[in-house]
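Data first, discussion second: the structure below is written as structure tokens.
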Amino acid sequence: MAEIKKVGFIGIGRMGYPMAGHIAKAGFEMIVADTNKEMVDKFVKEHGASAPKTLAELAKAADVVITMLPTSKIVRAVILGDGKSDCVAAGLEKGKIVIDSSTSDPVDTRSLGEELAKRGIDMLDAPVAGGVVFATDGSLDITVGGDAKLVEKCRPLFDA
């Protein structure tokens, strides 16, 4: 497995912003997206990240894509789209990894993982606990589910 160098992070709100910031400070190249352009611009300026125009471009540029979104329905829409809209899957290639740290329904996450597996994309379910304070100080609890080798490959992201 190739080393992870570039991380796409979708959802840089109250939780995602500090989470992505810790990953950037750990030395990963960050590619970010959010519906709030002001947050994206601030993150890009603060962390030297890039912000492509589309989710497909983000996915194509990243080794790993992390989502930190409000619901599993939003995660599914962002990752798979509706066939008419921009989505992450349009830029994912075989061997890439999606990590969902969102507030997602486990059944939905499993279904999304199965859809991605059909395309040769790996997925880890990595919900977080601890809230904004813990995201800010880097002490979130992360419960990771998925292939053990994949978890180990992504451990530097979780450690960050």
Side-chain angles (χ1 to χ4, degrees), residues 4-81 85-92 96-106 108-113 116 121-146 150-151 153-160:
I4 297 169
K5 296 179 181 176
K6 297 178 181 180
V7 177
F9 203 104
I10 302 170
I12 53 171
R14 294 181 61 223
M15 292 285 290
Y17 194 99
M19 290 169 63
H22 288 295
I23 295 169
K25 288 174 187 164
F28 293 93
E29 183 179 331
M30 299 301 293
I31 310 149
V32 297
D34 195 280
T35 56
N36 183 334
K37 185 173 175 357
E38 289 177 17
M39 291 300 280
V40 170
D41 292 344
K42 179 182 175 190
F43 192 91
V44 165
K45 184 176 180 181
E46 186 175 330
H47 296 285
S50 62
K53 294 187 186 317
T54 68
L55 295 172
E57 289 174 17
L58 178 145
K60 189 171 182 81
D63 302 316
V64 172
V65 175
I66 300 172
T67 56
M68 187 60 186
L69 300 166
T71 70
S72 51
K73 290 187 184 345
I74 295 171
V75 172
R76 186 173 191 84
V78 164
I79 300 295
L80 296 179
S85 60
D86 177 36
C87 68
V88 170
L92 289 175
K96 297 246 180 147
I97 303 164
V98 172
I99 300 172
D100 182 23
S101 291
S102 306
T103 304
S104 293
D105 180 300
D108 292 342
T109 301
R110 181 166 288 194
S111 173
L112 177 60
L116 292 173
I121 309 301
D122 292 313
M123 183 172 178
L124 293 174
D125 183 16
V128 298
V132 176
V133 170
F134 296 101
T136 302
D137 74 11
S139 64
L140 281 172
D141 289 327
I142 306 172
T143 306
V144 184
L150 195 59
V151 172
K153 178 178 180 171
C154 295
R155 186 166 302 284
L157 298 172
F158 301 130
D159 288 346

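Heavy atoms only: backbone and side chains are in, while hydrogens, waters and symmetry mates are out.
- Residues Glu29 and Lys5 have side chains not in contact (no heavy-atom distance under 4.5 Å, counting atoms from C-beta outward).
- Atoms OG1 and CD1, from Thr67 and Ile10 in turn, are 7.0 Å apart once rounded to the nearest 0.5 Å.
- Judged as a side chain to side chain donor-acceptor pair (under 3.5 Å), and not counting sequence neighbours, Arg14 has no contacts.
- In this structure, the salt bridge (Lys or Arg N to Asp or Glu O under 4.0 Å) partners of Asp41, at least two apart in sequence or on a different chain, are Lys37.
- Between Ser101 and Met19 there is a side-chain heavy-atom pair separated by less than 4.5 Å.
- Interatomic distance, Thr54 OG1 to Asp86 CG, rounded to the nearest 0.5 Å: 4.5 Å.
- Contact check for Met15 versus Leu140: side-chain heavy atoms found under the 4.5 Å cut-off.
- Checked against salt bridge (Lys or Arg N to Asp or Glu O under 4.0 Å), Arg110 has no partners two or more places apart in sequence or in another chain.
- Lys60 is linked by a salt bridge (Lys or Arg N to Asp or Glu O under 4.0 Å) to Glu93, counting only residues two or more places apart in sequence or in another chain.
- Between Ile12 and Val40, the closest side-chain pair of non-hydrogen atoms falls below 4.5 Å.
- Across every non-hydrogen atom of Ala135 and Pro18, the tightest pair is O-CB, 3.5 Å.
- The backbone N or O of Val65 sits nowhere less than 3.5 Å from a side-chain atom of Lys96 that would complete a donor-acceptor pair.
- By the side chain to side chain contact (heavy atoms under 4.5 Å, CB included) test, Ala90 is found to be paired with Ala56, Cys87, residues two or more places apart in sequence or in another chain being considered.
- Remark: Lys25 pairs with His47 by the side chain to side chain contact (heavy atoms under 4.5 Å, CB included) rule, at least two apart or across chains.
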Discussion item. Go through it in stages, so that I can follow the logic: the residues are Thr103 and Thr71, the test is side chain to side chain contact (heavy atoms under 4.5 Å, CB included), and I'd like the CA-CA distance, side-chain angles, deciding distance and then a yes or no.
Written reply: CA-CA 5 Å; Thr103 304; Thr71 70; over 6 Å; no
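- Taking 4.5 Å as the limit, every side-chain heavy atom of Ile31 sits out of range of all side-chain heavy atoms of Val7.
- Surrounding CZ of Phe158 are more than 12 heavy atoms belonging to other residues, nucleotides or ligands, all under 6.0 Å away.
- In this structure, CE on Met68 lies 12.5 Å from CD1 on Ile99, to the nearest 0.5 angstrom.
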Discussion item. Side chain to side chain contact (heavy atoms under 4.5 Å, CB included) for Asp122 and Val98? Distances and angles first, verdict last.
Written reply: CA-CA 6 Å; Asp122 292 313; Val98 172; over 6 Å; no
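- Ile142 is not listed as a side-chain neighbour of Pro127, based on a closest heavy-atom distance of 4.5 Å or more.
- The minimum heavy-atom distance between Val75 and Ser102, with the atom names listed, is CG2-OG, 3.3 Å.
- Applying the side-chain hydrogen bond (donor to acceptor under 3.5 Å, both in side chains) definition to pairs two or more places apart or across chains, those involving residues 128-145 are Asp137-Ser139.
- Side chains of Lys153 and Ile97 form a contact here, defined as non-hydrogen atoms less than 4.5 Å apart.
- Under the side chain to side chain contact (heavy atoms under 4.5 Å, CB included) criterion, Thr109 pairs with Asp100, Ser104, Met123, Asp125, not counting sequence neighbours.
- Applying the side chain to side chain contact (heavy atoms under 4.5 Å, CB included) test to Asp105 and every residue at least two apart in sequence or in another chain returns Ser72, Val107, Asp108.
- Inter-residue side-chain proximity for Ile66 and Ile23 is flagged as met; some heavy-atom pair is nearer than 4.5 Å.
- Between the SG atom in Cys154 and the CG atom in Leu124 there is a gap of 5.0 Å [rounded to 0.5 Å].
- Considering every non-hydrogen atom in both Leu69 and Gly11, the closest pair reads CD2-CA, 3.9 Å.
- Minimum interatomic distance between Leu58 and Ala33 (heavy atoms only, all atoms of both residues): CD1-CB, 3.8 Å.
- The ring pair (Phe, Tyr, Trp, His ring centres under 6.0 Å) pairs that include a residue from residues 16-39 are Tyr17-Phe43, where partners are two or more places apart or lie in different chains.
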